Amino acid sequence: MSTNQLDKKSQAWSALFSEPMSDLVKRYTSSVFFDKRLWQADIQGSLAHAEMLHAQGLISAQDWASIDKGMAQIRQEIESGAFEWQLDLEDVHLNIEARLTQLVGDAGKRLHTGRSRNDQVATDVRLWLRSEIDEIGLLLNALQSALVDVAEQNTETILPGFTHLQVAQPVSFGHHLLAYVEMFARDAERLIDLRKRVNRLPLGSAALAGTSYPLDRERVAKTLGFEAVSQNSLDAVSDRDFAIEFTAAASLVMIHISRLSEELILWMSQSFGFIDLADRFCTGSSIMPQKKNPDVPELARGKTGRVVGHLMGLITLMKGQPLAYNKDNQEDKEPLFDTVDTLKDTLRIFAEMAAGITVKPEAMERAAKKGYATATDLADYLVKKGLPFRDAHEVVAHAVKDAIAAGVDLSELPLSTLQTYNPAIEQDVFEVLSLRGSLNARNLLGGTAPVQVRSQVARHRMRLA
Ligand code: ARG
């Protein structure tokens, strides 16, 4: 078929159509310039379908061989950049099929037996997303490992833990970083779970009602590595839950990245001075020569809005659609593609950036000493001496008030002064009031004591190995 013939064919779908599309409408309805990225999945899906058609006696051995050969050439053409993508051919599916027919003739025209672009596109997107999910899983693991490395070096580094962004209690910096490792571990778990629902085969549902050809759907599923075949053709061609679920999981990853970013930005600001990021993740200012801006975490925080926006887009895309396939569904691709691209880049950059953090333990410790972070420890000390907790809380509030007035830390009040709040207070209180004493005291599963943090580091290492 010549290009000219292709053009003519595409201008009118069939004898039914009596006028061509305007260029504007063509551009509006076509998806090839973004869905061409599905080409590998499209070829893979077509080959599995053709192999099954042959196994079922629906196409000849020669046709199957021609399709196989034609697809090999198309693969080569696309990889080398020689393939001519045509807007007139609407999408990746029609572009590849038309080229196949151009190369191998009638065998190419037989490929679409028992198939519709509706079940084809759903299959392609699932195949493509499945492999992206696997890559994202690896990237999440790499980021976790990078964070575990920094945590391990900082099990004994103390910084103020905050609630309401007010100094609350001293915590280990390692413990703080491992909180993010927990988040990213849950994210990885979520991806593994939703992958099961991505990994189901719609092919064989045809346009919406199934097909009258005796297809072997299980065979195609096995060839393509799908765990199950869809059980309702109407649902199979119209379901985009898997895309929404994935984008929701991606949004959560980005939300975790964004929270971490916010902390990195705060910690790097002069008022905190807790860390420094490597220069290669920052930029300067064109007017203020002293500036070093944490651009990468700021952008990641911003890109979180973009990914959450894609989630909103996909949810809204689906809400009003009647069964079964509607052209609306073509709009699932760009949000999904951009979500994957944004997430992968972000995870890669963050793993590198985390590995290059400079920690400033003195500044962290100085800040931890400022906000009466060990006040709870004094209350706990009094409880151990027999005071009810609420009374102990009140006693310590008085002590803190006086210490603020005197401009000193609780640990700097003389024993005789402390004893005026409660006579049970003894010399051993000073160990309790120290940052390290406070940290070590929280020695239970999930607590911030360095012993606990070290055991968590070991657990994560085993898990990530
Ligand atoms: N490009 C279309 C999409 O992405 C493929 C399916 C088109 N099906 C149809 N009946 N027009 O959704």
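All values reported here derive from a predicted model rather than from experimental measurement. One-based numbering, in listed order, for ligands and for the atoms of each.
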Handout entry: Ring-ring centroid check His93 Trp39, cutoff 6.0 Å
Key = no

Exercise for the section: Count the heavy atoms of every other residue, nucleotide or ligand shown that sit under 6.0 Å from OH of Tyr213, and state whether that count exceeds 12. Expected result: no

Exercise for the section: Return yes if some donor-acceptor pair links the side-chain N/O of Arg217 with the main-chain N/O of Val229 below 3.5 Å, else return no. Expected result: no

Problem - Short side-chain donor-acceptor distance under 3.5 Å, Arg75 and Gln40 - result: no

Identify all pairs of nitrogen or oxygen atoms, one from ligand 1 and one from the protein, separated by less than 3.5 Å, and list them with distances.
unit_1	atom_1	unit_2	atom_2	d
ligand 1	1 (N)	Ser31	OG	3.4
ligand 1	1 (N)	Asp91	OD2	2.9
ligand 1	1 (N)	Gln330	OE1	2.8
ligand 1	4 (O)	Lys333	NZ	2.6
ligand 1	8 (N)	Asn118	OD1	2.9
ligand 1	10 (N)	Asn118	OD1	3.1
ligand 1	12 (O)	Tyr325	OH	2.4

Problem - Side-chain donor-acceptor pair present, Gln452, Asn443, cut-off under 3.5 Å - result: yes

Exercise for the section: Mind checking side-chain hydrogen bond (donor to acceptor under 3.5 Å, both in side chains) for Gln321 and listing every partner two or more places apart, or none if nothing turns up? Expected result: Asn326, Asn329

